[in-house]
Amino acid sequence: VAEGDNWFINWADFPSVIALKDGTLAAHWLAKSGSATYAYDVNISQSKDSGTTWTKPIVPHRDNTQTEHGFVSLLPLPDGRLGAIWLDGRNMKDMKDDHDEDKPLAANMTLSYASIDAAGEISDEAELDDRVCECCQTSEAVSSDGIVAVYRDRSQNEGRDIYTVRQQGGAWGK
């Protein structure tokens, strides 16, 4: 799918591959976007020939910040597109390069969503939650009512718990 010496690799935030409704494969991995420890972007590529060839990677977030973008979940959508959610650190761009567990963060990690069609066009971009845990996995599924995203929320008093947000009728709830 891809290779490089600029990948962001750790034990908790890792690449994935899924199959879409028509057999297209979609893969994601994380590539460094700057010199800071947590400066990395989501890269997504698709293959229509069982993995023999892959499209040029696209970055689903268009903020162009050298910040953390990761903990991705990919989802085959019923209409054939690819859905993606990820933790988005664009609001943390002016923070120091540390994740000190003992002090509250000055800015918030958010949860973002976008869909990607067969041509690599990004649409339906949305911020799903404006304050989430900055280091936990995400997940998503399609229900009979629409998409359900699952993630670890972060309250104003640093309480962290599992939350869900749903897309119904094309709109995301709270």
Side-chain angles (χ1 to χ4, degrees), residues 1-90 109-129 132 134-152 164-172:
V1 177
E3 63 184 353
D5 58 5
N6 66 334
W7 287 21
F8 178 81
I9 300 172
N10 76 17
W11 64 273
D13 201 354
F14 42 82
S16 70
V17 178
I18 65 164
L20 302 182
K21 186 176 178 180
D22 67 356
T24 296
L25 297 175
H28 99 274
W29 64 95
L30 307 171
K32 294 288 291 172
S33 61
S35 61
T37 302
Y38 296 103
Y40 59 93
D41 290 334
V42 175
N43 283 252
I44 297 175
S45 186
Q46 298 184 52
S47 173
K48 295 195 175 297
D49 56 12
S50 301
T52 302
T53 60
W54 292 84
T55 61
K56 179 181 174 188
I58 63 160
V59 174
H61 46 87
R62 301 191 246 201
D63 54 280
N64 296 317
T65 62
Q66 292 182 0
T67 58
E68 183 176 359
H69 299 87
F71 295 95
V72 180
S73 291
L74 300 179
L75 179 70
L77 299 175
D79 64 4
R81 294 180 302 152
L82 172 67
I85 62 171
W86 64 91
L87 299 186
D88 194 309
R90 68 183 71 189
M109 180 70 71
T110 64
L111 180 69
S112 292
Y113 171 85
S115 62
I116 303 161
D117 68 15
E121 295 297 318
I122 301 167
S123 61
D124 303 327
E125 296 166 89
E127 180 179 281
L128 306 184
D129 194 320
V132 301
E134 63 279 349
C135 60
C136 291
Q137 292 294 329
T138 62
S139 191
E140 62 182 332
V142 174
S143 74
S144 59
D145 293 331
I147 301 169
V148 179
V150 182
Y151 58 98
R152 191 171 183 206
T164 62
V165 61
R166 294 181 176 271
Q167 183 190 56
Q168 295 178 302
W172 287 94

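Here, residue 1 is the first one in the sequence, and each next residue gets the next number.
- Aromatic ring orientation, His69 versus His61: parallel (interplanar angle below 30°, classes split at 30° and 60°).
- In this structure, CG on Asp124 lies 4.5 Å from CZ on Arg81, to the nearest 0.5 angstrom.
- In this structure the side chain of Pro57 reaches within 4.5 angstrom of the side chain of Trp29, judged on heavy atoms.
- Between Tyr40 and Phe8, the two ring planes are parallel [angle under 30°; tilted spans 30° to 60°].
- No side-chain donor-acceptor contact under 3.5 Å links Lys56 to the backbone of Ser45.
- The two atoms that bring Ala31 and Asn43 nearest to each other are CB-ND2, 3.5 Å, heavy atoms only.
- A side-chain contact (heavy atoms from CB on, under 4.5 Å) with Leu82 is found for exactly one of Thr24, Ile18, Ile122, namely Ile18.
- Just one residue in the list Asp79, Leu77, Leu75 forms a side-chain contact (heavy atoms from CB on, under 4.5 Å) with Ser115, and that residue is Leu77.
- Between Phe71 and Ala12, the shortest heavy-atom contact is CE2-O, 3.5 Å.
- Nearest heavy-atom pair across Asp22 and Lys48 is OD2-NZ, 4.0 Å.
- Counting heavy atoms from C-beta on, the side chains of Ile147 and Ile85 never come closer than 4.5 Å.
- Side-chain N/O atoms of Asp145 and Ser143 include no donor and acceptor closer than 3.5 Å.
- Residues Glu140 and Tyr113 have side chains in contact (heavy-atom distance under 4.5 Å, counting atoms from C-beta outward).
- Between the OG1 atom in Thr52 and the CG atom in Leu25 there is a gap of 9.5 Å [rounded to 0.5 Å].
- Taking all atoms of both residues into account, the shortest heavy-atom contact from His28 to Val72 is NE2-CB, 3.4 Å.
- Between the side chain of Ser47 and the backbone N or O of Thr53 there is at least one donor-acceptor pair closer than 3.5 Å.
- With rounding to the nearest 0.5 Å, the separation of CG in Leu87 from CZ in Arg152 is 11.5 Å.
- Taking all atoms of both residues into account, the shortest heavy-atom contact from Asp41 to Ser33 is OD2-CB, 3.5 Å.
- For the residue pair Arg90 and Ser112, no side-chain donor N or O sits within less than 3.5 Å of a side-chain acceptor on the partner.
- Distance CH2/Trp86 to OG1/Thr138: 10.5 Å, rounded to 0.5 Å.
- Here the CE atom belonging to Met109 is positioned 7.5 Å from the OG1 atom belonging to Thr67, to the nearest 0.5 angstrom.
- Here the closest heavy-atom approach between residue Pro78 and residue Val142 is recorded as CG-CG1, 3.9 Å.
- Rounding to the nearest 0.5 Å places OG1 of Thr110 at 8.5 Å from CG of Asp129.
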